[in-house]
Trainee: 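So that we are looking at the same thing, I have put the structure below in structure tokens.
Keep in mind the model is a prediction, meaning the values are calculated, not measured. Counting convention: from 1, in listed order, for ligands and their atoms alike. Values below: all heavy atoms of this structure, side chains included; hydrogens, waters and symmetry mates excluded.
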Amino acid sequence: MSTRYESAKSIYAALGVDTDAAIAKLKNIPVAIHCWQGDDVIGFDHDGPLTGGIQTTGNYPGKATTPEQLMADMDKAMSLCPGAKKLNVHACYAIFDGEFADRDKLEPKHFAKWVEFAKERGMGIDFNPTFFSHPMVKDGLTLSSPDEATRKFWVEHGKACIRISQYMAEETGFPCVMNIWTGDGFKDIPADRLGPRMRYKKSLEEIFSEPFDRNLVKPCVESKVFGIGVEAYTSGSAEFTLTFAATHEGCLPLMDNGHYHPTEVVSDKISALLCFFDEIALHITRPIRWDSDHVLLFDDETKEMAKEIVRNDALDRVYMALDYFDASINRISAWVVGIRAWQKALLNALLLPNARLKELQDTNQLTELMMLQEEIKTLPFGDVWKQYCEECGVAGDASWFEEVKKYEAEVLSKRA
Ligand code: RNT
Ligand code: ZN
């Protein structure tokens, strides 16, 4: 009697797909796990609300409010997910032992605990300056502010973050992807669209004048079409950030799939960028009608993005980071469902007969291409997924949820 995996393996082999090779490959592909799902994007350096045009909705009990809690929650979530992980930390998650340092004065030592956490688990760290949730955001603007003191403060923050990113890379031995996103923009029709963008450009150039090793720090700029309260205009539009990255050596474009007009898809943009950039970065999320940052699911567009990375042989050219936050459900479960969804999408892409599909396209056999793309949807993917999970030492079925329920009863429910 053969196991379900053995049977699946031979079904895939008949299509020329090696399931063992797919599993072996996926085990070593790092995906950055965002710390901010654990506390609704708050962090440890301020008491004020989340600003910058992003919002979390919901008030599910048990959210982490200390570094120890957040790290314990991340540990729990990561222990239930297969695959190689990287940590993704925002500057507002600085950990102060007594003395507070404002964003423009942050130092590597304020992230020593995160570095220790990552090193103990063999992970690299990605980093993000935090240009929101802070009193120095003036009239909704940071790096594109007309107020020179404001703009300078945020430039200093960016430079500090480059130094911290360099430190994280040196300590962990993995490159640090440092992503710049600002919520800068206007609720209603601006009179000057060029001025803020010229100031944003100048600010970015000033930040990148801080010395760093290009092999260790990978700076990115993330675009966004609009935010809550910033509906009419954003300084960091798609054209702005893409052109900035294209014209500034060492800077990568970062695409967040919640940041475009609703009928645009990032799956179609990945190959366009790969024609021109050695490396690009992604924020992977699930927008419903707007940039709502719902928990990632194994849905069609998620699968399509993963396919574009895998079949273009770009797994080592695309830095993948998850970016969603749901405060209305158990936050550990939110992490796990999303992390597992992206792992499923990558595995699904690795299990496609990509060479055959490409050949059908290139020889104009489009009838057969449609037929085959449809047929492969019902291959025994679930059996290979289960095998992958078990080889990674995690549950290949829904039983991981028992762990989450137990953790909720024993840990989360006891939090104030
Ligand atoms: C906001 C951007 C940004 C943030 C994180 C917290 O719309 O997607 O990447 O989600 O930096
Ligand atoms: Zn993002």
Trainee: Answer yes when Glu264 and Lys269 have at least one side-chain N-carboxylate O distance shorter than 4.0 Å, and no when they do not.
Mentor: yes
Trainee: Any idea which atoms of ligand 1 are less than 4.0 Å away from a heavy-atom of Asp291?
Mentor: 7 (O)
Trainee: Would you mind telling me if ligand 1 is within reach of the side chain of Glu222, the backbone, both or neither, using heavy atoms under 4.0 Å?
Mentor: side chain
Trainee: Of all N, O or S atoms in Asp256, identify the one at the shortest distance from the Zn ion (ligand 2).
Mentor: OD2
Trainee: According to side-chain contact (heavy atoms from CB on, under 4.5 Å), who are the partners of Glu156, at least two apart in sequence or on a separate chain?
Mentor: Asp104, Lys159
Trainee: By the definition ring-ring contact (aromatic ring centres under 6.0 Å, His included), identify the one residue from Phe325, Phe132, Trp181, Phe127 that meets it with His90.
Mentor: Phe132
Trainee: Give, for atom CG of Asp40 and atom CG of Asp326, the distance between the pair rounded to the nearest 0.5 Å.
Mentor: 8.5 Å
Trainee: Classify the contact between Asn128 and ligand 1 as side chain, backbone, both or neither, using a heavy-atom distance cut-off of under 4.0 Å.
Mentor: neither
Trainee: What's the atom name of the N, O or S in His283 nearest to the Zn ion (ligand 2)?
Mentor: ND1
Trainee: For ligand 1, which atoms, with element, lie under 4.0 Å from some heavy atom of His283?
Mentor: 9 (O)
Trainee: Which atom, among the N/O/S set of Asp323, is closest to the Zn ion (ligand 2)?
Mentor: OD2
Trainee: Quick one: nearest non-hydrogen protein atom to atom 1 (C) of ligand 1, plus distance?
Mentor: Ile54 CG2, 3.5 Å
Trainee: Specify the protein heavy atom at minimum distance from atom 7 (O) of ligand 1: its residue, its atom name, and the distance to 0.1 Å.
Mentor: Lys224 NZ, 2.7 Å
Trainee: Rounded to the nearest 0.5 Å, how far does CG of Asp213 lie from NZ of Lys218?
Mentor: 9.0 Å
Trainee: What's the shortest distance from atom 4 (C) of ligand 1 to any protein heavy atom, and which residue and atom give it?
Mentor: Asp323 OD2, 3.6 Å
Trainee: As an exercise, identify every atom of ligand 1 less than 4.0 angstrom from a heavy atom of Asp256.
Mentor: 8 (O)
Trainee: Could you tell me whether ligand 1 has any atom less than 4.0 Å away from a heavy atom of His259?
Mentor: yes
Trainee: Show me which atoms of ligand 1 lie under 4.0 Å from any heavy atom of Phe325.
Mentor: 10 (O)
Trainee: Is a side-chain donor or acceptor of His34 paired with a backbone partner of Tyr324 at a separation under 3.5 angstrom?
Mentor: yes
Trainee: According to the interplanar angle, ranging from 0 to 90°, do the rings of Tyr93 and Trp114 count as parallel (below 30°), tilted (30 to 60°) or perpendicular (above 60°)?
Mentor: perpendicular
Trainee: Would a 4.5 Å heavy-atom cut-off, applied to side chains only, mark Gln343 and Val31 as touching?
Mentor: yes
Trainee: Could you walk me through whether Asn257 and Thr285 satisfy the side-chain hydrogen bond (donor to acceptor under 3.5 Å, both in side chains) test, starting with their C-alpha distance in whole Å, then the side-chain angles of each, then the deciding distance to 0.1 Å, before giving a yes or no?
Mentor: CA-CA 6 Å; Asn257 65 303; Thr285 186; 5.3 Å; no
Trainee: When you compare the side chain of Lys105 with that of His157, does any pair of heavy atoms fall below 4.5 Å?
Mentor: no
Trainee: Considering only non-hydrogen protein atoms, determine which one is nearest to atom 5 (C) of ligand 1 and report residue, atom name and distance to 0.1 Å.
Mentor: His90 NE2, 3.5 Å
Trainee: Which single N/O/S atom of Glu222 lies at minimum distance from the Zn ion (ligand 2)?
Mentor: OE2
